[in-house]
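Have a look at the structure below before the remarks.
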Amino acid sequence: MPELPEVETVRRGLERGVVGRRIADVEVRHPRAVRRHELGADDFAALLAGRRIDAARRRGKFLWLPLDSGDALVGHLGMSGQLLLVDPSHADGPHLRIRFRFEDQALELRFVDQRTFGGLAVAAGGALVPASLAHIALDPMDPAFDDDAFVAAVRRRRTGLKRALLDQTVVSGIGNIYADEALWRARLHWARPTETLPRQDVLRLLTAVREVLTDAIAAGGTSFDALYVNVNGQSGWFDRSLDAYGQENEPCSRCGTPIVRERFTNRSSFRCPRCQPVPRRPRY
DNA sequence: CCTGCCGCCTGCGCGC
DNA sequence: TGCGCGCAGGCGGCAG
């Protein structure tokens, strides 16, 4: 479940479901799921066995669980990753990649990932931010997020606006769905050049980003199918509130003009052609 | 440096 | 029915 609202939904589930519990043992079922752990699956499992999970944190789309060892279990869900709390007697699904059993023998944690773009690793420095996440910008829901620095970072880039929004070193947590939703809410075209974008437009976009992320978190995220679920396997319902993403040919909920779909970086972008007109000098 | 393109995976729905 | 193709919420690495 890839973007910030979906990851936050999972984080909240982990906070309730695994914080304070002690890991008994870890079973890596697919080595690709720990490919970011340099020393391999055996080392990964050894560093986790016997450790207590002290918290559940998130920056953008990355999650981490600080451990009583001073390390942290760092995770990214990629395109299809799930962290599920399930009864140990429940049969393994075909995409089970990693299993965590706990000393209390209650619900186990399973990392399930169809496409294996996600993964977990043990990293040093868990209490603040793991070193491996240092290059990821703060996300807009972080109390320490600096709005002025964001404006400066956007205008420093020489690219199109949506590329900047998706760049996790500029601002983290935004993916293809919420980029389109925020641009629609701010009435900005995805190809607006960043370096000449008026400060007020950047700030309006940032407000729209925060609003759509807040609304989506409240709805438990966006789930188009069973791949995107919380730790209990339940879907979010924000898909019913989408105004742009996936709405090709549907009337814009502001002006009634049909939403269009366009190619963008080998994927899709959705916008209202009237509310979000093509800029004079687009950057693609 | 910075920007943008590609590869990494599996499965689904569609048209032929 | 079967098959190939396009498509999907991601990122890091690397070329230019």
Side-chain angles (χ1 to χ4, degrees), chain A residues 1-10 29-38 58-63 74-83 93-97 111-121 123 132-137 139 152-183 190-191 193-195 209 212-213 216-217 219-230 235-242 244-248 261-270 282-284:
Chain A
M1 330 176 62
E3 304 184 46
L4 187 153
E6 294 76 35
V7 178
E8 174 60 16
T9 301
V10 171
R29 303 287 301 265
H30 195 307
R32 197 174 140 76
V34 294
R35 69 193 179 286
R36 301 277 166 220
H37 188 88
E38 303 283 343
R58 180 188 56 71
R59 173 180 284 190
K61 306 172 197 173
F62 282 88
L63 286 165
V74 181
H76 197 290
L77 302 176
M79 291 285 268
S80 57
Q82 305 173 335
L83 285 164
H95 304 117
L96 173 65
R97 308 305 185 194
F111 179 64
V112 174
D113 190 8
Q114 178 190 103
R115 292 176 68 184
T116 72
F117 286 170
L120 304 180
S132 57
L133 270 54
H135 63 115
I136 301 296
D139 65 63
V154 168
R155 302 191 64 191
R156 202 181 303 130
R157 301 294 309 272
R158 304 180 82 257
T159 188
L161 184 53
K162 185 170 173 181
R163 287 184 190 276
L165 265 189
L166 295 176
D167 184 338
Q168 306 295 301
T169 68
V170 172
V171 53
S172 68
I174 304 164
N176 209 29
I177 294 178
Y178 299 107
D180 281 3
E181 292 302 304
L183 289 165
W190 52 267
T194 48
E195 67 269 35
V209 165
V212 72
L213 295 178
I217 290 168
T222 301
S223 308
F224 296 126
D225 55 44
L227 282 185
Y228 305 97
V229 294
N230 67 16
S235 294
W237 59 90
F238 193 71
D239 59 304
R240 280 166 253 174
S241 304
L242 295 174
Y245 188 86
Q247 306 305 303
E248 185 178 21
R261 173 193 190 131
E262 294 159 324
R263 295 300 298 170
F264 168 80
T265 324
N266 282 327
R267 47 217 301 218
S268 296
S269 248
F270 300 86
R283 289 194 72 124
Y284 303 107

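Chain letters run A, B, ... following the sequence lines, proteins first, then strands; residues in each count from 1.
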Next on the checklist: The criterion is ring-ring contact (aromatic ring centres under 6.0 Å, His included); which residues satisfy it with A/Phe117, sequence neighbours excluded?
Outcome noted: none
Checklist outcome for this item: Result for salt bridge (charged side-chain N to carboxylate O under 4.0 Å, His left out) between A/Asp139 and one of A/Arg58, A/Lys61, A/Arg59 points to A/Arg58
Checklist entry - How many Å lie between CE on A/Met79 and P on C/dC11, as a whole number? => result 9 Å
Next on the checklist: If I pick the P atom on B/dC9 and the same atom on C/dC3, what distance separates them, to the nearest angstrom?
Outcome noted: 24 Å
Checklist entry - For DNA chain C, what string of dots and brackets results from 5' to 3' when Watson-Crick and G-U pairs need both distances under 3.5 Å, crossing pairs get [ ], and pairs with another strand get |? => result .|||||||.|||||||
Item to check | Which residues share a ring-ring contact (aromatic ring centres under 6.0 Å, His included) with A/Tyr245, sequence neighbours left out | outcome: A/Phe224, A/Phe270
Checklist entry - Is there a side-chain polar atom (N or O) of A/Ser268 under 4.0 Å from OP1 or OP2 of C/dA8? => result yes
Next on the checklist: Taking CZ in A/Arg35 as the centre, count heavy atoms belonging to other residues, nucleotides or ligands within less than 6.0 Å. Is the count above 12?
Outcome noted: yes
Next on the checklist: Strictly below 4.0 Å: does A/His30 bring a side-chain N or O up to OP1 or OP2 of B/dC9?
Outcome noted: no
Checklist entry - Sequence neighbours excluded, which residues qualify as ring-ring contact (aromatic ring centres under 6.0 Å, His included) partners of A/His76? => result A/Phe62
Checklist entry - Separation of A/Phe62 atom CZ from C/dC11 atom P, in whole Å? => result 7 Å
Next on the checklist: Can you measure A/Glu248 atom CD to B/dC14 atom P for me and round it to whole angstrom units?
Outcome noted: 14 Å
Item to check | Residues in contact with DNA chain C, drawn from residues 168-177 of chain A - heavy-atom cutoff 4.0 Å | outcome: A/Gln168, A/Gly175, A/Asn176, A/Ile177
Next on the checklist: Distance check needed: C/dC11 P versus A/Leu63 CG, whole Å only.
Outcome noted: 13 Å
Item to check | Length of the CG-P vector between A/Leu4 and C/dC11, whole Å | outcome: 11 Å
Item to check | Sequence-distant partners of A/Asp113, salt bridge (charged side-chain N to carboxylate O under 4.0 Å, His left out), two or more places apart | outcome: none
Checklist entry - How many Å lie between CZ on A/Phe224 and P on C/dC7, as a whole number? => result 16 Å
Next on the checklist: Using whole Å, what does the distance between atom P of nucleotide C/dC7 and atom CZ of A/Phe270 come to?
Outcome noted: 11 Å
Next on the checklist: So, using salt bridge (charged side-chain N to carboxylate O under 4.0 Å, His left out) as the criterion, who are the partners of A/Arg157 when residues are at least two apart?
Outcome noted: A/Asp167
Item to check | Which residues share a side-chain contact (heavy atoms from CB on, under 4.5 Å) with A/Ala137, sequence neighbours left out | outcome: none
Next on the checklist: Using the salt bridge (charged side-chain N to carboxylate O under 4.0 Å, His left out) criterion, which residues pair with A/Glu38? Sequence neighbours excluded.
Outcome noted: none
Checklist entry - Looking for any heavy atom pair under 4.0 Å, which part of the strands does A/Arg261 touch: base, sugar-phosphate only, or nothing? => result sugar-phosphate
Next on the checklist: With heavy-atom distances below 4.5 Å as the criterion, would you say the side chains of A/Phe111 and A/Arg29 are in contact?
Outcome noted: no
Item to check | Euclidean distance for P, C/dC11 against B/dC1 (whole angstrom) | outcome: 23 Å
Checklist outcome for this item: Letter by letter from the 5' end, nucleotides 2-8 of chain B scores (B base, S sugar-phosphate only, - none; protein heavy atoms under 4.0 Å) -SSSS-B
Next on the checklist: I need the CG-P distance between A/Asp225 and B/dC12, as an integer number of Å.
Outcome noted: 10 Å
Checklist entry - Quick one: is C/dG12 close enough that its OP1 or OP2 comes under 4.0 Å of any side-chain N or O from A/His135? => result yes
Checklist entry - Who passes salt bridge (charged side-chain N to carboxylate O under 4.0 Å, His left out) against A/Lys162, sequence neighbours left out? => result A/Asp180
Next on the checklist: For A/Ser241, give me all partners under side-chain contact (heavy atoms from CB on, under 4.5 Å), at least two apart in sequence or on another chain.
Outcome noted: A/Phe238
